[in-house]
2 protein chains.
Amino acid sequence: MQKQIHGRPYEERNNKPHFTPCAPNAVLARLGDKWTILVMSHLALAPGHRLRFSELKNGIDGITQRMLTLTLRNLERDGLLERDYFPEVPPRVEYHLTEMGASMLPALEGFTSWIRNNWPNIEACRARYDQRNA
Amino acid sequence: MQKQIHGRPYEERNNKPHFTPCAPNAVLARLGDKWTILVMSHLALAPGHRLRFSELKNGIDGITQRMLTLTLRNLERDGLLERDYFPEVPPRVEYHLTEMGASMLPALEGFTSWIRNNWPNIEACRARYDQRNA
DNA sequence: CGGTATCCGGCGTGATACTG
DNA sequence: CAGTATCACGCCGGATACCG
C-alpha cells in the first residue's frame, strides 16, 4: 500500500517525503480558475443539478460568453457535467452534473465551509501583512 | 500582486471597482497554483509542522528558489504559516504552520481524498473526450 | 543560506465580431 | 440562443545573476 497524503502518493527518500508527480493539484487548479467554482455552485443549487446556458450566463455576474463556454467544456471534459443539446427553434442547451460531479459536492462543501469560517481571519492577516510591508 | 480594497480583491471595470466572484475561489486559486499544495503537504508531514527553507527546496522536486520564496510569502500573507529567522552564521530560516494553517489540513484532506478516489475516472473521461474531438 | 532583481515567453482571460 | 474566431494584454512562472 503506497503512502499518501492529500491524495498525493509519495515515497520516503533519505527519510524525507518525496512526492511523485501530482494529480490533485490538477483538480484544484481547475476549481481554482476564475469561473469554475461559480459554475459548479450554481449547478449544485439548481433543481436536478440542471441549468441552461443562458441561466448560467445571467446568474454569474461578469462572465463572458466565451469564458462560460470554455469553463463548461473543461468540466465536460473531466466528466463532471454533461451537455444536452435540444435542436429546437431557438436552440436550447442544458448542462447537468454527472453522478461523479454530484458526488464531488459534499466533499467540496467540507472544504469550502472551512474557507467560509476562516475567510475573515485570512483577510485580516493579509491586511496586516500588507500594512507591515508598505 | 492583486488589487485590494479592505483586503478584498477586485478589478477595475468602467472605472468602477467590481469585486471578483467569491471568497472560496481565492483560496482554491491559491492552493491550485503550481507549488502551494506541495509546500503545505511537506509541512503537514514534518514534525511540529516545521521545516527550514533548504529542506523544502530539496524536498520539492523542480521548484526554483524564487518560486519557493513567493509561495511561502503568499502563505505567510494569508496567515497559514509563519517565518522564523535565526541570525546565525550561516543564517537559518524555518517555516511552520500556524494554528489556522494546521486546522486547514483535515478539511483539505476530505476533499483531496475524493480527488484520489475519482482521479482515474477523470483521466479516463478526459481521454475519451479528447479522442472524440480528434 | 536564503533570499532579490531582472528579463522573457506562454497562457489564461477579456473584448469584439461573426454564425448556424 | 448558444456558440466560434480573432486579437490584445497582463501576469504567472522559469532562468539567470547578484546580495547580506
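Within every chain, numbering begins at 1; the chains are lettered A, B, ... in the order of the sequence lines, protein sequences first and strands thereafter.
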Checklist line | Nucleotide C/dC11, atom C1' - distance to CZ of A/R30 in whole Å | finding: 13 Å
Notebook entry, point to check: How far does CG of A/L75 sit from OG1 of A/T36, to the nearest 0.5 angstrom?
Noted result: 5.0 Å
Notebook entry, point to check: side chain to side chain contact (heavy atoms under 4.5 Å, CB included) between B/L72 and B/L56: does it pass, once the steps are laid out?
Noted result: CA-CA 10 Å; B/L72 289 167; B/L56 284 165; 4.0 Å; yes
Notebook entry, point to check: How close or far is atom P of C/dA15 from atom NZ of A/K34, stated in whole angstroms?
Noted result: 9 Å
Next item on the list: Report the residues that fulfil side-chain hydrogen bond (donor to acceptor under 3.5 Å, both in side chains) with A/R66, sequence neighbours left out, ordered by chain and then residue number.
Entry: none
What pairs of donor and acceptor atoms, side-chain ones from residues 127-134 of chain B against any protein atom, are under 3.5 angstrom apart with sequence neighbours left out?
{"from": "B/D130", "atom 1": "OD1", "to": "A/R77", "atom 2": "NE", "distance (Å)": "2.8"}
{"from": "B/D130", "atom 1": "OD2", "to": "A/R77", "atom 2": "NE", "distance (Å)": "3.4"}
{"from": "B/D130", "atom 1": "OD2", "to": "A/R77", "atom 2": "NH2", "distance (Å)": "2.8"}

Note to self: Without decimals, in angstroms, what is the distance between B/D61 CG and D/dG14 P?
What the structure shows: 12 Å
Next item on the list: Check the distance between C/dG12's P and A/L31's CG and give it to me in whole angstrom.
Entry: 15 Å
Note to self: At a heavy-atom distance below 4.0 Å, what parts of residues 64-76 of chain A sit against DNA chain C?
What the structure shows: A/T64, A/R66, A/M67
Checklist line | Interatomic distance where CH2 belongs to A/W35 and P belongs to C/dT13 [whole Å] | finding: 10 Å
Check: When you look at B/L51 and B/Y95, which way does the side chain to side chain contact (heavy atoms under 4.5 Å, CB included) test go after all the steps?
Finding: CA-CA 5 Å; B/L51 287 172; B/Y95 293 88; 6.0 Å; no
Check: Could you state the CZ-P distance from B/F53 to C/dG2, rounded to the nearest angstrom?
Finding: 7 Å
Check: Nearest-Å distance, CG (B/L51) to P (C/dG2)?
Finding: 11 Å
Check: Atom CG of A/N58 and atom C1' of D/dC1: how far apart are they, to the nearest Å?
Finding: 11 Å
Item checked: Interface residues of residues 79-96 of chain B with DNA chain D (non-hydrogen, below 4.0 angstrom) -> B/P91
Check: So which pairs with a foot in residues 32-44 of chain B pass salt bridge (Lys or Arg N to Asp or Glu O under 4.0 Å), sequence neighbours left out?
Finding: B/R30-B/D33
Note to self: Between B/R52 and B/D84, does any NZ, NE, NH1 or NH2 come within less than 4.0 Å of an OD or OE carboxylate oxygen?
What the structure shows: no
Item checked: Axis-to-axis angle between the two ends of the helix from C/dC1-D/dG20 to C/dG20-D/dC1 (five base pairs per end, rounded to 10 degrees) -> 50°
Check: Atom CE in B/M100, atom CG in A/N121: separation rounded to 0.5 Å?
Finding: 4.0 Å
Notebook entry, point to check: Is any side-chain N of the basic residue among B/E94 and B/R92 closer than 4.0 Å to the acidic one's carboxylate O?
Noted result: yes
Item checked: Electrostatic pair B/E109:B/R116 at N-O distance under 4.0 angstrom -> yes
Check: Does any N or O in the side chain of A/T98 come within less than 3.5 Å of the main-chain N or O of A/G79, such that one atom is a donor and the other an acceptor?
Finding: yes
Item checked: Among D/dA2, D/dG13, C/dG14, the one nearest B/D33 by side-chain distance -> D/dG13
